[in-house]
Every structure is written in C-alpha cells, then in structure tokens.
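First up is the structure itself, then whatever we jot down about it.
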Amino acid sequence: VMNTTHSMRDNYPSHTVVGHAPAGTPAGPAVILLNRSSRLLRREYLRDLTDQGFTEIVTVERANDAYTVESLSIEFRNVRFILVEQEFNTGEAINLAMTYIQSESVVIVWSTMGVPQGMDRAVASLREHPMRGCVVPLLRGERNEPLPTMEAPAFHRRSLRIIDLPVRGTGGRTIYPYDYVGLYNRNVFSRLNGFDPDIPHPFWQRLDFGFRVYLTGGDIPVVPAFRISYKSIPVPEDRTIDRSYARFFARNLAVKVSSQGARIPRGEVIRFALRSRLG
C-alpha cells in the first residue's frame with residue numbers, strides 16, 4: 001500500500017508525502033533531487049540513481065505539477081515525493097526534504113545533472129571533521145569543462161565581493177555550495193537550521209548558509225575526486241542586491257565579534273539602513 005500522508009510540520013509549508021520510507025537507516029548517502037527538467041527525463045534520472053545504488057531518494061515539487069507521482073512511486077519503491085501546496089524557494093524545499101531523510105548524509109543534485117561520481121571520497125572527507133557542514137564536488141559543464149565554482153570571499157572598500165575560482169589540484173575551500181550541490185552532513189545541517197527560508201534569493205541564501213557553517217567552526221571543502229556534470233547549460237548565478245541581501249547583511253556582516261561578545265555597532269545600523277534602502 002502506498003504511504004500518502006498530509007503534514008503541517010512547524011515552520012514548513014503544507015505538504016503531502018507519497019511513497020515509502022526505508023525499512024532502516026540506509027548504509028550510504030541519500031539523495032535530495034531538485035527538479036529543472038521534464039517529467040520524462042525525471043523518470044530516466046530516477047532509474048539512473050537507483051541503478052547506481054542509491055536506496056533513499058526524496059524529491060520536492062509543487063502539488064499541482066505532480067500528476068505522474070503515483071505511478072512513479074509504484075515503479076520506484078526507494079523514492080518519496082513531497083508535494084507542496086504553495087510557492088516555495090529552493091532552501092525551503094531542501095529544509096523540508098531533510099526532515100524526512102534517514103541517512104547520515106545526503107547529496108543534493110538537480111535533475112539536469114549526471115549521477116554523482118566519487119562518492120566514497122566525498123563521504124570520507126565529510127567524516128573527517130565533526131562540524132563539516134558539507135563537501136562540494138568538482139562541477140563540469142555540458143561539454144565536460146570544469147566550472148569555476150570555488151567561491152572565495154573578499155572585501156573591497158568595506159564591500160563584500162565573491163570571487164569565482166577554478167578548482168585546482170587537491171581542491172580547496174569554498175564559502176558556499178554552488179547551486180546548492182554537495183554532500184551534506186544531515187545532523188550538522190539540522191543544528192545550523194538549514195537554509196534561511198526568509199532569504200528567498202538563491203545566492204544570498206547559499207551565502208548565508210556558508211557564513212553560518214564557518215562561524216560555527218565548520219568548513220566546506222572542494223573534493224575534486226567527487227564529480228558531477230551538468231547535462232545542460234547551468235543557470236547563470238544572479239547576484240542582484242535586493243531585500244534578501246538586506247537580511248543577509250543584518251545576520252552576518254553587521255555583527256561584530258570581540259572578546260566582549262557579539263554586537264551591532266551604531267554605525268552599522270546607519271550603514272545597513274542606507275545600503276538596504278529599507279529605512
């Protein structure tokens with residue numbers, strides 16, 4: 001019998017879950033599948049993930065776009081579909097999916113990508129540090145070219161800049177997971193409260209998550225042996241300054257930490273009001 005439940009979990013949008021939970025804790029990583037492709041390609045990708053040995057897959061989508069879900073849940077017993085009844089941003093979708101994951105770690109991928117490779121190295125790297133929020137792969141484009149997805153923060157005239165660097169050698173550290181893609185430690189993700197749903201802009205939402213990973217003693221390394229390729233042209237990263245930036249600034253850049261603790265200087269309040277244009 002197919003398990004269909006309606007849920008109103010605190011702080012999450014109203015949703016219905018279709019599918020079957022694993023009988024026990026899976027030995028390997030789970031998958032959170034984010035959708036950008038057609039339903040026909042989705043079935044093919046679910047088959048590829050299943051053939052590669054992933055035994056726990058969760059996908060989130062709008063309820064009114066999910067008329068093929070019941071047949072897919074019968075075909076793929078390892079997949080659960082979370083059908084959300086209202087608009088949601090990507091961070092909200094990931095936060096919601098994480099509450100249903102039973103594996104210790106979970107890889108986040110888009111339906112326009114190939115199946116992740118080099119997962120063993122990614123899992124080993126994630127376990128090296130107990131506060132490591134996630135590890136990210138070497139991402140390649142549709143022509144197999146490596147993408148400059150190692151993001152480094154820099155300040156120029158007191159303004160934050162994010163510099164896109166290529167992945168070289170043994171990798172390095174990035175300030176946030178590009179396009180949300182990576183292998184996440186589920187427990188660390190939960191302790192960090194995941195992505196901020198009140199920062200709907202994807203770039204500022206990811207950057208806020210990355211700042212919190214580092215401020216709590218973690219890091220986000222790039223593991224080149226861990227590889228994922230796009231099957232289509234990646235969506236260009238929008239870095240527009242809007243209300244999401246205002247919340248990111250207030251939560252991260254306005255706060256100053258000293259031996260006396262954390263505080264927001266009066267000058268930062270004025271600076272925030274001017275830069276955010278919120279009054």
Test side chain to side chain donor-acceptor pair (under 3.5 Å) on D164 and Y178 and set out the steps.
CA-CA 10 Å; D164 305 319; Y178 184 88; over 6 Å; no
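- In this structure a side-chain-to-backbone donor-acceptor pair under 3.5 Å is missing from S73 to G19.
- Under 4.0 Å is where a charged nitrogen must lie from a carboxylate oxygen, and between E75 and R43 at least one such pair does.
- No hydrogens or angles considered: a donor-acceptor pair under 3.5 Å links the side chains of S103 and E56.
- For the residue pair N187/E104, the side-chain donor-acceptor check at 3.5 Å is not satisfied.
- Residue R36 holds its CZ atom at 8.0 Å from OG of S232, rounded to the nearest 0.5 Å.
- Side chain of Y45 to backbone of G114: a donor-acceptor contact under 3.5 angstrom is found.
- Of all heavy-atom pairs between L138 and P146, the closest is CD1-CB, 4.1 Å.
- The salt bridge (charged side-chain N to carboxylate O under 4.0 Å, His left out) search around E145 returns none, not counting sequence neighbours.
- Salt bridge absent: D208 and R247 never bring a charged side-chain N and a carboxylate O closer than 4.0 Å.
- Checked by atom type and distance alone, the side chain of R140 never pairs as donor or acceptor with a backbone atom of R227 at under 3.5 Å.
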How far apart are the C-alpha atoms of F226 and V107, what are their side-chain angles, what is the distance that settles it, and do they pass the side chain to side chain contact (heavy atoms under 4.5 Å, CB included) test?
CA-CA 11 Å; F226 175 30; V107 59; 4.1 Å; yes
Criterion side chain to side chain contact (heavy atoms under 4.5 Å, CB included) on I57 and F76, from CA distance to verdict
CA-CA 9 Å; I57 303 170; F76 300 101; over 6 Å; no
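- Within 6.0 Å of atom CZ in R121, 12 or fewer heavy atoms from other residues, nucleotides or ligands are found, so the atom counts as exposed in its surroundings.
- Taking a cutoff of 4.0 Å between a charged side-chain nitrogen and a carboxylate oxygen, E151 and R161 do not qualify as a salt bridge.
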With side chain to side chain contact (heavy atoms under 4.5 Å, CB included) as the test, would you mind laying out the steps for E142 and I233 before giving the verdict?
CA-CA 6 Å; E142 60 177 340; I233 299 175; 2.8 Å; yes
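- Counted within 6.0 Å of CZ on R127, heavy atoms from surrounding residues, nucleotides or ligands total 12 or fewer; the atom is thus considered open.
- Atom CE of residue M98 and atom OH of residue Y12 lie 10.0 Å apart, to the nearest 0.5 angstrom.
- Side-chain atoms of Q102 never come within 3.5 Å of backbone atoms of A21 as a donor-acceptor pair (strictly under, hydrogens ignored).
- No side-chain donor-acceptor contact under 3.5 Å links W110 to the backbone of P234.
- Partner T50 forms a side-chain contact (heavy atoms from CB on, under 4.5 Å) with one of T55, V115, N78 and no other, that one being N78.
- For the residue pair T240 and D242, no side-chain donor N or O sits within less than 3.5 Å of a side-chain acceptor on the partner.
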Can Y245 and F203 be said to form a side chain to side chain contact (heavy atoms under 4.5 Å, CB included), step by step?
CA-CA 9 Å; Y245 170 78; F203 174 71; over 6 Å; no
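- In this structure, CG in L34 is found 7.5 Å from OG1 in T59, a value given to the nearest 0.5 Å.
- Side-chain atoms of R80 come within 3.5 Å of backbone atoms of Y100 as a donor-acceptor pair (strictly under, hydrogens ignored).
- Within the 3.5 Å criterion, the main-chain N or O of S111 finds no donor-acceptor partner in the side chain of N35.
- Side-chain rings of F189 and F209 approach one another, their centers coming within less than 6.0 Å.
- Atoms CG and CD, from N89 and E87 in turn, are 10.0 Å apart once rounded to the nearest 0.5 Å.
- Between the side chain of R239 and the main chain of I162, a donor-acceptor pair closer than 3.5 Å is present.
- A continuous path of hydrophobic side-chain contacts links V222 to L165 [ILVMFWY only; heavy atoms under 4.5 Å].
- Geometric assessment of R206 against the ring of Y180 yields a positive cation-pi assignment under the 6.0 Å and 45° thresholds.
- Taking OG1 from T99 and CZ from R186, the interatomic distance works out to 10.0 Å, rounded to the nearest 0.5 Å.
- A distance of 14.5 Å separates CG of D48 from CE of M113, quoted to the nearest 0.5 Å.
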